[in-house]
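Written out below as structure tokens is the structure these notes cover.
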Amino acid sequence: MIPFLDLKKINTPYEVGFQEKLKAVLDNGWYILGEEVQAFESNFARYCGAKYCIGVGNGFDALTLILKGYIQLGKLQKGDEVLVPANTYIASILAIVEADLIPIMVEPRWETYNINSDLIEEKISSKTKVILAVHLYGQLAEMDLINAIGDKHNLLVIEDAAQSHGAVSNQKSKVKNQKSSAAYSFYPGKNLGALGDGGAVVTNDLELAKMVSSLRNYGSETKYYNDYAGVNSRLDELQAAFLNVKLPHLDTENEERRTVARRYLSEVKNDKIILPKWDLTHNHVFHLFVIRTENRTELQKYLHENGIQTVIHYPVPPHKQKALSEYNTLSFPITEKIHETVLSLPISPVLTREEVAFIIAILNKY
Ligand SMILES: *Cc1c(COP(=O)(O)O)cnc(C)c1O
């Protein structure tokens, strides 16, 4: 069976490095917010071309701490509206709810599955204060257009970059919105994955950086003096150490994912399968390679019988989830159709050329 994602194989080349880091942390005897977290924060900020990075507990907390940070800074108020793609992983929306803000969902484009910026302005009300863009499946949302709308209507623009580590538009800085902030996740399956949970806020906004840095640690800058009602959401010292081992290889790994994607795109030839659209630039890091097909159950079963494991990202859209029952009556036909038809093929830096050829041959025979 070709597994959907072989995490053990992805991490095997780093094992010696991980063991050295474990020993270094043990020798050091400092386990929370130590040298490794500090080093990772400065390494990842530099990697993203941004001024500040604050390591936090996970990607969800990175999103909520940005939103709560802006509330604490007086730039947002509870009850303000946040425009967000209807077609996203539910974490983007739950983070908005967690910060006592109101998600207003916007349909995606068929071509990219990302938020359709042509549909944003009609959703703006006097309560709208934020656009939360999501770079779904690893492909950047149309940030130039989104930032222009943000500027025009005086909105904050935040990026959910949990699936897009290292994606760049026009070789520019990896943070597309210099005025605002991006949330990253280092969940093991992400392009830059830890051996447990982890996340980061990346920003050029010094005020926000200071606020998030305080909020993640009980709202305290000086131990036992608490300025804000913060939380405990610190990036773990060991996870930061492991991420420091992997970060230098992220661009290479992303290129390996793109190599697989280029082959799928040029060699899969089957009318029953809709391939993703990509302009072949570095604006996509292929966290996932998502195809669409009318009879997904049948295709998934066929692939399984041929030894190929696939996953659905995602089977139920956020507005149809029980957890968001107050939104269940809303209708987002494009989002719903995408959720009904998507299927993710194996893609990773460790998928072999033979495996890719096999998957393509099986797909073409379907
Ligand atoms: C993974 C993910 C998150 C949440 O990250 P966690 O570290 O699992 O909390 C948020 N948004 C998107 C789009 C994600 O894929």
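Quick caveat: nothing in here was measured; it's all calculated off a predicted structure. Whatever order the structure lists them in is the order used to number ligands and atoms, beginning at 1.
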Ligand-protein N/O pairs under 3.5 Å (ligand 1):
unit_1   : atom_1 : unit_2 : atom_2 : d
ligand 1 : 5 (O)  : S185   : OG     : 3.3
ligand 1 : 7 (O)  : G59    : N      : 2.7
ligand 1 : 7 (O)  : S185   : OG     : 2.7
ligand 1 : 9 (O)  : G59    : N      : 3.3
ligand 1 : 9 (O)  : F60    : N      : 2.9
ligand 1 : 11 (N) : D160   : OD1    : 3.3
ligand 1 : 11 (N) : D160   : OD2    : 2.7
ligand 1 : 15 (O) : Q163   : NE2    : 2.7
ligand 1 : 15 (O) : K190   : NZ     : 2.8

TODO: Determine whether L208 and Y52 make a side-chain contact, defined as any pair of heavy atoms from C-beta on separated by less than 4.5 Å.
DONE: no
Open item on the list: Test of understanding: with salt bridge (Lys or Arg N to Asp or Glu O under 4.0 Å), list the residues that count as partners of E111, not counting sequence neighbours.
Closed with: none
Open item on the list: Using the ring centroid of each side chain, check whether H313 and Y113 are separated by less than 6.0 Å.
Closed with: no
Task: Partner set under side chain to side chain donor-acceptor pair (under 3.5 Å) for S117, not counting sequence neighbours - done: E142
Task: Any donor-acceptor N or O pair under 3.5 Å, side chains S164, Q139 - done: no
Task: Co-members of Y224 in a cluster of I, L, V, M, F, W and Y side chains, linked at under 4.5 Å - done: none
